[in-house]
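Remember, it's a predicted structure, so these values are computed and weren't measured experimentally. The analysis underlying the following values was restricted to heavy atoms, covering all of them including side chains, and did not include hydrogens, waters or symmetry mates. The first residue in the sequence is number 1, and the count goes up from there.
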Amino acid sequence: MTDTVSSYELRNRRALVTGAGQRVGAAIARRLGHEGMHVAIHYFESRSGALATEQAVRDGGGKGVSLQGDLRTPEACARLIEEAAEVLGGLDVVVASAADFEPASLAKITQKQWSETMALNLEAPLWLAQHAAPFLRNSRGAIVFVTCHSTVRPFKGYLPYVVSKAALKQLMRALALELAPEVRVNAVAPGAVLPPDDAEPSARTRMAQRNLLGKLGRAEDVADAVMYLLSAPFVTGQQLLVDGGQFLEAH
């Protein structure tokens, strides 16, 4: 029986990373490239960032190609999987990082915002997994979702986002059941990682003080967690918190 994706065989494996034109998605794609993997770098509007990620993947020893798409429809997700599999010659790994992080309280949320957030944050990973499943079963590959610390400790002001990420965690667990034993499915849940660029220094300090380590995380910390899940052949159906111990912090 062929082993699932593991650390000693990541080189030359084929991965799709969504939302890889910026921030966490870009860091994950770069890290996969540094492991010698062939990476399809999905982006929506961040073309320049995707091209920079593509070059970083190549500089790290892997092969990169950028693919554009709005993943808020099932058809677009199917097309992205087909394009990635075609240019890479198959798929071994799918990392779903693309997400909408727009503020919305209960009083101000609109149906349009709710639908668009769910479409990208929850439905897109489902359709991507559905269309990637035949490739991943064949290669005994892996899926990693990027969820959020809010799946265990919700925060105010981002209602659609928080709900979508909590549902994504449960989708991960359900898919782990559906796709076993050929495909492993896990999730990484970042905490205080990469605050918005316009965040005030005082806000950054408060965010850092909310976890046990007293500092902000880096996008590379999330990429490290993804690499662990890809190289752990006996781990599936699990969410790995990358939050500096914030989950343990007293309220």
Side-chain angles (χ1 to χ4, degrees), residues 6-7 10 17-20 22-32 34-35 93 95-106 117 121-122 125 142-176 184-251:
S6 57
S7 58
L10 287 177
V17 182
T18 69
Q22 58 182 339
R23 298 173 67 82
V24 168
I28 294 170
R30 289 195 300 266
R31 179 63 190 278
L32 299 187
H34 288 176
E35 294 292 330
V93 169
V95 180
S97 177
D100 183 2
F101 184 67
E102 293 295 328
S105 63
L106 177 61
T117 299
N121 294 10
L122 176 61
I143 296 173
V144 179
F145 292 154
V146 178
T147 56
C148 179
H149 169 88
S150 65
T151 58
V152 296
R153 190 174 178 182
F155 46 77
K156 290 183 178 180
Y158 291 82
L159 188 59
Y161 173 83
V162 168
V163 173
S164 68
K165 291 296 187 176
L168 183 60
K169 175 186 176 183
Q170 190 70 345
L171 175 62
M172 174 272 294
R173 298 174 69 187
L175 289 177
R184 296 183 301 107
V185 188
N186 293 290
V188 172
V193 173
L194 283 183
D197 294 334
D198 58 356
E200 296 292 334
S202 58
R204 292 172 179 266
T205 299
R206 288 194 300 273
M207 292 176 67
Q209 291 174 341
R210 289 180 186 144
N211 64 65
L212 297 181
L213 299 182
K215 63 181 181 179
L216 296 176
R218 306 167 303 140
E220 289 76 14
D221 296 321
V222 182
D224 288 344
V226 171
M227 288 305 306
Y228 164 72
L229 292 174
L230 293 182
S231 61
F234 199 55
V235 177
T236 194
Q238 300 300 313
Q239 176 176 265
L240 177 57
L241 284 166
V242 185
D243 69 348
Q246 186 176 351
F247 175 60
L248 298 173
E249 185 74 352
H251 289 266

Of all pairs that satisfy salt bridge (charged side-chain N to carboxylate O under 4.0 Å, His left out), the ones with a partner from residues 212-236, not counting sequence neighbours: R30-E220, R31-D224, R218-D221
Salt bridge (charged side-chain N to carboxylate O under 4.0 Å, His left out) contacts touching residues 235-246 (sequence neighbours left out): none
Under 3.5 Å, which donor-acceptor pairs do the side chains of residues 164-172 form with other protein atoms, sequence neighbours left out?
from: S164; atom 1: OG; to: N121; atom 2: ND2; distance (Å): 3.1
from: S164; atom 1: OG; to: P160; atom 2: O; distance (Å): 3.2
from: S164; atom 1: OG; to: Y161; atom 2: O; distance (Å): 2.7
from: K165; atom 1: NZ; to: V146; atom 2: O; distance (Å): 2.7

Compare every heavy atom of [Y] with every heavy atom of [X], then report the nearest pair and how far apart it is.
| X | Y | result |
| --- | --- | --- |
| G245 | L212 | O-CG, 3.3 Å |
| A27 | A223 | O-CB, 3.7 Å |
| G25 | V17 | O-CG1, 3.6 Å |

task: Could you list the residues that satisfy side chain to side chain contact (heavy atoms under 4.5 Å, CB included) with V162, not counting sequence neighbours?
output: S150, P154, F155, Y158
query: Short question: side chain of T18, backbone of S97 - any donor-acceptor pair under 3.5 Å?
result: yes
query: Do any N or O atoms from the side chain of N211 and from the backbone of A192 form a donor-acceptor pair under 3.5 angstrom?
result: no
message: Once rounded to the nearest 0.5 Å, what's the spacing between atom NE2 of H34 and atom CE of M227?
response: 11.5 Å
- request: Report the distance from atom CG of N186 to atom OG1 of T236, rounding to the nearest 0.5 Å.
  value: 5.0 Å
- prompt: Mind checking whether Y228 and V188 have side chains closer than 4.5 Å, heavy atoms only?
  reply: no
- prompt: Do V93 and V144 touch side chain to side chain, with heavy atoms closer than 4.5 Å?
  reply: no
message: Run L240 and V235 through side chain to side chain contact (heavy atoms under 4.5 Å, CB included) and show every step you take.
response: CA-CA 11 Å; L240 177 57; V235 177; over 6 Å; no
statement: For Q239, the side chain to side chain donor-acceptor pair (under 3.5 Å) test, sequence neighbours excluded, returns T147, T151
